K.L.:
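What follows is a single structure, and I will ask about it in a moment.
Not measured: the values here are computed from a predicted model. Just so it is clear: chains get the letters A, B, ... in the order the sequence lines come, proteins before strands, and each one is counted from 1.
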Protein chains: 2
Amino acid sequence: MNTISVHININSGLYKKDPKSSDLGKRIVSKSIEMIHDIGFEDFTFKKLGVEITSNESSIYRYFESKHMLLIYLINWYWSWLEYRLAYKIQNIESPKDKLEIAINLLVQEVIDDNDFSSINEILLHKIIVDESSKAYHTKSVDAENEKGYFKCYKRVVKRVSDLVLECNPDFEFPHMLISTVIEGAHQQRYFSQHLPSLTDFEKGKNNIVRFYTNLVFKTLHIS
Amino acid sequence: MNTISVHININSGLYKKDPKSSDLGKRIVSKSIEMIHDIGFEDFTFKKLGVEITSNESSIYRYFESKHMLLIYLINWYWSWLEYRLAYKIQNIESPKDKLEIAINLLVQEVIDDNDFSSINEILLHKIIVDESSKAYHTKSVDAENEKGYFKCYKRVVKRVSDLVLECNPDFEFPHMLISTVIEGAHQQRYFSQHLPSLTDFEKGKNNIVRFYTNLVFKTLHIS
DNA sequence: CAAATATAATAGTATTACTATTAAAAAACA
DNA sequence: TGTTTTTTAATAGTAATACTATTATATTTG
């Protein structure tokens, strides 16, 4: 899996200059992931990032229009990466049910291994998705940004997995609702397990989030 | 239902001066709901609110410590109100299954009627819950605020409905996950239906969100 | 009618999320 | 090699935000 980064292609409308094209760009992306994870998106600023990478606020603005756009970039990277892993993992699987189970697992499981070959720490990026990604689309500019294709990668993943749902049960009325509920739900449960645990039944090491959502999907689709 | 407001008691740690205790306080709450709904939470400021209610920024700060605290107040009001309606609606119902169905419906259904007797427009407040409530707890101060009891009303509702789940199926392992997934999921689906419809299977007038979540709960619990 | 309290008006602060300009350094190219 | 172009760094500046503090003026209460 060490050539994953080759497959991640991000919509060029998301940046002003491709951060993959220079060392500074890579440092921006890589350090921003660490910092957003550490201090949270609201406290993260380009000024602080500039200090950390011994560069300058204004230099960062040459890559990203705003910190909001940087977050959108990171989120797209994550979903592209997930889409690639999904395709890879189900490519030789025949059974629709097995494919769906693998997909659910991928969507719902915590990310625990990092690919050292890219400048992106996927473990931390997954945590950013859990903690911060709702901030990318809960804005007054969602509609305009959706039209520009800023959420395409995410929507494509939902579409792909919804198609797997329909392969299992062609009569099911709500495949997109089911999958977006599972994805967002799993992220929320991970967040709640850290901060509002009484909203969950999380128990360390028991894989409850994965078990809950897998069970929920197959029960809802009447296949078990 | 016109004496609902009597039953809504908000934790006094959420405000500096009780907004129910004065006309200005009521105008603050009532107008803030309209404004947050109209322009969104980020663009909403106490300065703008002051202008709208022909009062002053600094006067508003005498009621609420920050706009964040005002949002927390509104969210608590919403969940108190829901808790009251829940108790009221299931009080004479015997069957656990019927009680749970009523509860799910209440959690998942859009709010369509306003109680003119309070200074709170519940229709708009529900829309704020859908659009903005995740911003109340996706902060670096969640843990501190959770300890102060800022999320108590919400957690109490989840607990109550989880108990109804266990009444229906005492062996079910994940009642809290199920209910918080349904609540948050339904809010997200309403948001997505407006802004990212390809993530849903929403169709106007077909009540798909209610049908989907009701079905999901009863299938997951093996009772239909 | 006096005292206490609530409100309004004004001013001020640190920080944010940028933009603009210019100079220096590095890379490309001829 | 020298020159041009591009990239980066440094500095300064702006409008807005999310507040705090102070004081004057209403309004309510005893």
K.L.:
With a cut-off of less than 4.0 Å, is there a side-chain N or O of S55(A) near OP1 or OP2 of dA9(D)?
P.N.:
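For S55(A), the contact criterion (side-chain N or O under 4.0 Å from OP1 or OP2 of dA9(D)) is met.
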K.L.:
Do N11(B) and K148(B) get their side chains close enough for a donor-acceptor pair, meaning under 3.5 Å?
P.N.:
no
K.L.:
Please determine if a side-chain N or O atom of Y63(B) lies less than 4.0 Å away from the OP1 or OP2 oxygen of dA6(C).
P.N.:
no
K.L.:
OP1 or OP2 of dT7(C) versus the side-chain N and O atoms of K17(B): is any pair under 4.0 Å?
P.N.:
yes
K.L.:
Less than 4.0 angstrom between a side-chain N/O of S22(B) and OP1 or OP2 of dT27(D), yes or no?
P.N.:
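No.
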K.L.:
Assess K67(A) against F41(A): is NZ or CZ under 6.0 Å from the centre of the six-membered ring, and within 45 degrees of the ring's axis?
P.N.:
yes
K.L.:
Using heavy-atom distances to pick each residue's nearest nucleotide on DNA chain D, tell me which of L24(A) and E42(B) is more 5'.
P.N.:
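Looking at the nearest nucleotide for each, L24(A) comes out on the 5' side.
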K.L.:
Reckon Y61(B) has a side-chain N or O less than 4.0 Å from the OP1 or OP2 of dA21(D)?
P.N.:
no
K.L.:
What's the CD-P distance between E57(B) and dT20(D), to the nearest Å?
P.N.:
10 Å
K.L.:
Just the rounded figure in Å: distance from P of dA10(D) to CZ of R62(A).
P.N.:
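These atoms are roughly 15 Å apart.
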K.L.:
Counting heavy atoms from C-beta on, name the nucleotide in dC19(D), dA9(C), dT17(D) closest to the side chain of K48(B).
P.N.:
dT17(D)
K.L.:
Between C1' on dT16(C) and CD1 on I39(A), what's the gap in Å once rounded to a whole number?
P.N.:
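Going from CD1 in I39(A) over to C1' in dT16(C) covers 13 Å.
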K.L.:
Any N or O donor-acceptor pair under 3.5 Å from the base of dA10(D) to the side chain of S58(A)?
P.N.:
yes
K.L.:
Assign the ring pair F174(B) / F212(A) to parallel, tilted or perpendicular, where the plane angle (0 to 90°) is split at 30° and 60°.
P.N.:
perpendicular
K.L.:
Once you round it to whole Å, what is the distance between P of dA8(C) and CG of L49(B)?
P.N.:
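The answer, rounded to whole Å, is 11 Å.
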K.L.:
Give the rounded distance in Å between these two atoms: NZ of K16(A) and C1' of dT7(D).
P.N.:
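Taking NZ of K16(A) and C1' of dT7(D), I get 14 Å after rounding.
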K.L.:
Start with the C-alpha distance between F192(B) and F202(B), add both sets of side-chain angles, then the distance that settles ring pair (Phe, Tyr, Trp, His ring centres under 6.0 Å), and finish with yes or no.
P.N.:
CA-CA 9 Å; F192(B) 289 158; F202(B) 181 83; over 10 Å; no
K.L.:
Examine dT15(C): is either OP1 or OP2 under 4.0 Å from a nitrogen or oxygen in the side chain of K47(A)? Give yes or no.
P.N.:
no
K.L.:
Calculate, to the nearest 0.5 Å, the distance between atoms CG and OG belonging to L24(B) and S55(B) respectively.
P.N.:
4.5 Å
K.L.:
Rounded to the Å, how far apart are K67(B) NZ and dT17(D) P?
P.N.:
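After rounding, the reported distance stands at 8 Å.
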K.L.:
Would you say a side-chain N or O of T45(B) is under 4.0 Å from OP1 or OP2 of dA18(D)?
P.N.:
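Checking T45(B) against dA18(D): no side-chain N or O falls below 4.0 Å of OP1 or OP2.
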K.L.:
Report the distance from atom CZ of F44(A) to atom C1' of dA17(C), rounded to the nearest whole Å.
P.N.:
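In whole Å, dA17(C) C1' and F44(A) CZ are 12 Å from each other.
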K.L.:
Taking CG from D23(A) and P from dA27(C), how many angstroms apart are they, rounded to a whole number?
P.N.:
10 Å
K.L.:
Mind checking if F64(B) touches a base, just sugar-phosphate, or nothing, with heavy atoms under 4.0 Å?
P.N.:
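Result for F64(B) = nothing.
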